[in-house]
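The first residue in the sequence is number 1, and the count goes up from there. Computation of the quantities below employed the complete heavy-atom set of this structure, encompassing side-chain atoms and omitting hydrogens, waters and symmetry-equivalent molecules.
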Amino acid sequence: LHSFPTRRSSDLGFNITYNGTLWDVQTSTTPTALFTQAGAGQVTFTNTGTININGDNTFWIFWYAQAGGTILFENGRTQTIDGNFNVVGASGNQITLNSDDDTPAWNITLTGLATIIEVFIRNSNATNPITPDPTCTDGGGNTNWLFTIPIEYSWTEDIDGDGRIDQIRVHVNTGVILSDTFTGVT
């Protein structure tokens, strides 16, 4: 158990490694407290069991890679990620992201990049669309999580006229943000 009784702000480049089970900046005496990581620091969660993250928090880099672990975010609270949101499980041993009471929704505002691999995601409201890796599972109750890419149509092009396809183009729904990472494509 670890809680922060007052507002905490991390300075530029300050890294935190956290092995506790409760990340809580709000208490009954400081109900508006929040954690803000103001600069390019990283918070790495290392507990292999269940971690509860309470309150509204702003992280620069959020990192969790404990296969089979669970993070429960406080229902109705917002996690803002200004840098990268990295949650990486393992094949056959997904990480679970859910609300603390299994009802919609914990909120996430991601303005940076997401690396989300082998994760079960449930009851989350993403302010901006997030496209997790195809190894992730939609547990239901999610908004703006793009588990499939909504392709409207596609076409091929032979740019140099040699009779071979040089590129495949796709048109997706308005507002969909695609990555240029093609891992696993052969």
Side-chain angles (χ1 to χ4, degrees), residues 10 16 18 22-26 32-45 47 50-91 93-152 170-184:
S10 171
I16 298 170
Y18 186 75
L22 176 63
W23 179 274
D24 190 358
V25 297
Q26 296 181 317
T32 60
L34 54 93
F35 173 82
T36 301
Q37 190 172 31
Q42 176 172 307
V43 176
T44 303
F45 293 89
N47 189 295
T50 298
I51 301 169
N52 285 277
I53 297 181
N54 292 346
D56 298 315
N57 299 285
T58 299
F59 301 97
W60 183 256
I61 298 174
F62 182 104
W63 186 263
Y64 186 65
Q66 301 300 321
T70 297
I71 296 182
L72 301 176
F73 297 96
E74 185 177 5
N75 184 19
R77 297 302 189 153
T78 300
Q79 309 309 310
T80 300
I81 316 296
D82 287 332
N84 298 334
F85 184 56
N86 305 297
V87 182
V88 180
S91 179
N93 204 9
Q94 289 187 325
I95 290 171
T96 297
L97 301 179
N98 197 357
S99 66
D100 61 346
D101 60 1
D102 197 35
T103 60
W106 61 278
N107 304 306
I108 181 168
T109 299
L110 175 62
T111 59
L113 301 175
T115 302
I116 305 169
I117 301 169
E118 293 289 352
V119 179
F120 176 89
I121 302 145
R122 183 168 168 82
N123 298 318
S124 176
N125 176 35
T127 304
N128 303 311
I130 299 173
T131 305
D133 188 81
T135 61
C136 294
T137 303
D138 180 359
N142 297 308
T143 303
N144 272 336
W145 285 85
L146 306 176
F147 291 91
T148 58
I149 299 173
I151 296 174
E152 291 182 345
V170 296
H171 184 270
V172 298
N173 295 339
T174 302
V176 173
I177 300 170
L178 296 178
S179 167
D180 62 358
T181 302
F182 296 97
T183 56

Check: T103/N75 side-chain N/O donor and acceptor closer than 3.5 Å: yes

Check: N54 main-chain N/O paired with N57 side-chain donor or acceptor under 3.5 Å: yes

Quick one: list whatever passes side-chain hydrogen bond (donor to acceptor under 3.5 Å, both in side chains) with T50, sequence neighbours left out. none

Could you check whether any side-chain heavy atom of T58 comes within less than 4.5 Å of a side-chain heavy atom of D82, counting everything from C-beta outward? yes

Any sub-3.5 Å donor-acceptor pair from N128's side-chain atoms to L110's backbone N or O? yes

Starting at CD1 of I81, measure out to OG1 of T109 and round the result to the nearest 0.5 Å. 9.0 Å

With distance as the sole test, does N142 use its side chain to make a donor-acceptor pair with the main-chain N or O of S124 at under 3.5 Å? yes

Distance from N98 atom CG to N123 atom CG, nearest 0.5 Å? 5.0 Å

Determine whether a donor-acceptor pair (N or O, by modelled atom type, separation under 3.5 Å) exists between the side chain of E74 and the backbone of G55. yes

Could you give the side-chain donor-acceptor pairs of residues 61-73 under 3.5 Å, partners two or more places apart or in another chain?
| from | atom 1 | to | atom 2 | distance (Å) |
| --- | --- | --- | --- | --- |
| Y64 | OH | N47 | O | 2.8 |

Note, R77 side chain near W106 side chain (heavy atom, < 4.5 Å): no

Show me the pairs that pass ring pair (Phe, Tyr, Trp, His ring centres under 6.0 Å) and involve residues 109-132, at least two apart or across chains. none

State the CH2-CG distance between W23 and N52, to the nearest 0.5 angstrom. 13.5 Å

Keeping N84 on the side-chain end and A114 on the backbone end, is there a donor-acceptor pair under 3.5 Å? no

Working note: V87 + I95, criterion side chain to side chain contact (heavy atoms under 4.5 Å, CB included); need CA distance, chi angles, decisive distance, verdict. CA-CA 8 Å; V87 182; I95 290 171; 3.8 Å; yes

Please answer whether the main-chain N or O of T78 pairs with a side-chain N or O of N107 as donor and acceptor at a distance below 3.5 Å. no

Would you say that V43 contacts W60 through its side chain, given a criterion of any heavy-atom pair below 4.5 Å between the two side chains? no

With V119, the side chain to side chain contact (heavy atoms under 4.5 Å, CB included) member among D133, T135, L97: L97

R122 side chain to G139 main-chain N or O, any donor-acceptor pair under 3.5 Å? yes

Could you tell me if N125 and N144 have a donor-acceptor pair between their side chains, going purely by distance under 3.5 Å? no

Within the structure provided, determine whether E118 and S91 are in side-chain contact (heavy-atom separation under 4.5 Å). yes

Check the pair Q79, I53 against side chain to side chain contact (heavy atoms under 4.5 Å, CB included), reporting the backbone distance first and the verdict last. CA-CA 9 Å; Q79 309 309 310; I53 297 181; 3.7 Å; yes

Taking it one step at a time, do T137 and Q94 satisfy side-chain hydrogen bond (donor to acceptor under 3.5 Å, both in side chains)? CA-CA 9 Å; T137 303; Q94 289 187 325; 3.1 Å; yes

Do I130 and I108 touch side chain to side chain, with heavy atoms closer than 4.5 Å? yes

